[in-house]
Amino acid sequence: MALLLPIHGTIKTIVFGDGGDIFALWKEIAIIILFIKTSRYSAQETIKYRNLFILYVIFVIYCLVMTAYSYSQHMAFLTNLKKILFPTFIFLSIAKLHLTKTQIGNILLSFAIGSILINITGLIDFFSPALRMIFRSMMKVGFVLDNKGQIYYDISSYTIMGINRVCGLMSGGPNQMGIYNSLVVFCLILYLMYFKSKQRIKSIFVYFILILSTFCLLTSFSRAGWGVLCIALLLYALKSKQKAKVIYGIVFAIIIILISSLVDPKIEYVIAGTLSGKEASSAARGSMTLDAFRFVLNHPLGGGVGASDPSNFSKGFLYFAESSLLNIAIDIGVFGFLFLSVLYLKMYIYIKNNKQNMLNILGAFYLVANYITSLVSVNPYETPYIYLSWILLGLTACTIKKTN
């Protein structure tokens, strides 16, 4: 899945266009099969996650009741229902695995290898405006060119402060490119900290992917991508005794930013505008989140699964927030949102207490960072990030087998 998910949306868009819904189900089917297979583990492993599983079943029943209401209103609900239910389901499927340290390292490396093709298209996107336009056409992104050569996209998120954002052939555009690469960078940091290879060629290969992913993360100008990675690493830096490694990582990121700024001074301009709040969407983010929060408080029961989906505008659509978690609250109400938050808390506790897994502390902080970012961005709940991030979180909670 780590190899196929990054290009899943690309294949779906190029081959099927607006269709391909049946093709898109392969990832959910794979996760369900994995859950069934991992259910065969020992009774002790089942007891370990019993409380979380019971809470999850109650949550599923509650969501199905809200879905029944949506169905009665002829609302589209399947996309939102998957976003609500599958993260915890993925976590439960992966967390019950028994893996060796080598296997975990190889899975982390597969996350990185899976990014190469899509990130090469991102690199081409940055350096070749002509090929960038071909990529946009392939991904069905509408745009027009004026007589001065200025590009105007149908979707405003493809530019920031008048500058094209890198996304290559990534489905979902620059925002998904950014948050996806934040996950890849995080996986590579874990790999270099705990699984670093003694083979020189392999190490060079890992650093090459790290540089490529960091560059695509930076030039996508995705605040969600920057945020989830920075929050997780800063929390770890405050807690860990290995502060030096985190400092090295920060210095590495600064070097990439400086080099990128030399290649294109506009990068520095956008970063400065984003951090200072001069960039329009960045400046409006706080007020938009507060407005959505007020809306949720004024509609505490929710409008049914799919109520936050703009496609349901004529069928009971309530409101769309620039927040994954607040959109869930709009769908299933304040009670459902609080219930989901309890599930997050339970998973955080399981990860943090899984001390025999060397990834537990960083995994716990990544979960916190993911939750915080989901409050102010819709991107953590979009494909491929939503699936890959929860696979990673499940890995940090799984049991590590001892090898002879």
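Values reported hereafter were calculated over all heavy atoms of this structure, with side chains retained and with hydrogens, waters and symmetry mates removed. Not measured: the values here are computed from a predicted model.
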Restricting to non-hydrogen atoms, name the atom on [X] and the atom on [Y] that form the minimum distance, rounded to 0.1 Å.
{"X": "P87", "Y": "Y381", "answer": "CG-CE2, 4.1 Å"}
{"X": "S70", "Y": "F77", "answer": "CB-CB, 4.3 Å"}
{"X": "S93", "Y": "I31", "answer": "OG-O, 3.9 Å"}
{"X": "G122", "Y": "V166", "answer": "O-CG1, 3.4 Å"}

Y180 and N119: side chain to side chain donor-acceptor pair (under 3.5 Å), yes or no, with the steps? CA-CA 10 Å; Y180 165 67; N119 281 342; 5.9 Å; no
Roughly how far, to the nearest 0.5 Å, is CD of Q176 from CD1 of I118? 11.0 Å
May I have the step-by-step check of side chain to side chain donor-acceptor pair (under 3.5 Å) for S213 and N181, ending in yes or no? CA-CA 6 Å; S213 291; N181 273 296; 3.3 Å; yes
Partner of Y344 under ring-ring contact (aromatic ring centres under 6.0 Å, His included), picked from F91, Y371, Y350, is Y371
T79: side chain to side chain contact (heavy atoms under 4.5 Å, CB included) partners, not counting sequence neighbours: K83
Taking distance alone, no hydrogens or angles, what donor-acceptor pairs closer than 3.5 Å link side-chain atoms of residues 327-336 to residues at least two apart or in another chain?
unit_1: N327; atom_1: OD1; unit_2: A321; atom_2: N; d: 2.8
unit_1: N327; atom_1: ND2; unit_2: A321; atom_2: O; d: 2.8
unit_1: N327; atom_1: ND2; unit_2: S323; atom_2: O; d: 3.2
unit_1: D331; atom_1: OD1; unit_2: A307; atom_2: N; d: 3.1
unit_1: D331; atom_1: OD1; unit_2: S308; atom_2: N; d: 2.8
unit_1: D331; atom_1: OD1; unit_2: S308; atom_2: OG; d: 3.0
unit_1: D331; atom_1: OD2; unit_2: N80; atom_2: ND2; d: 2.7
unit_1: D331; atom_1: OD2; unit_2: G306; atom_2: N; d: 3.0

With salt bridge (Lys or Arg N to Asp or Glu O under 4.0 Å) as the criterion, how do D125 and R165 come out once you've worked through the C-alpha distance, each side chain's angles and the decisive distance to 0.1 Å? CA-CA 9 Å; D125 184 321; R165 301 171 65 186; over 6 Å; no
Is the gap between the ring centers of F186 and Y366 under 6.0 Å? yes
Does the separation of the ring centres of F111 and Y191 fall below 6.0 angstrom? no
Is a side-chain donor-acceptor pair under 3.5 Å present for Y387 with E382? no
Within 45° cone and under 6.0 Å: K352 NZ/CZ vs F365 ring: no
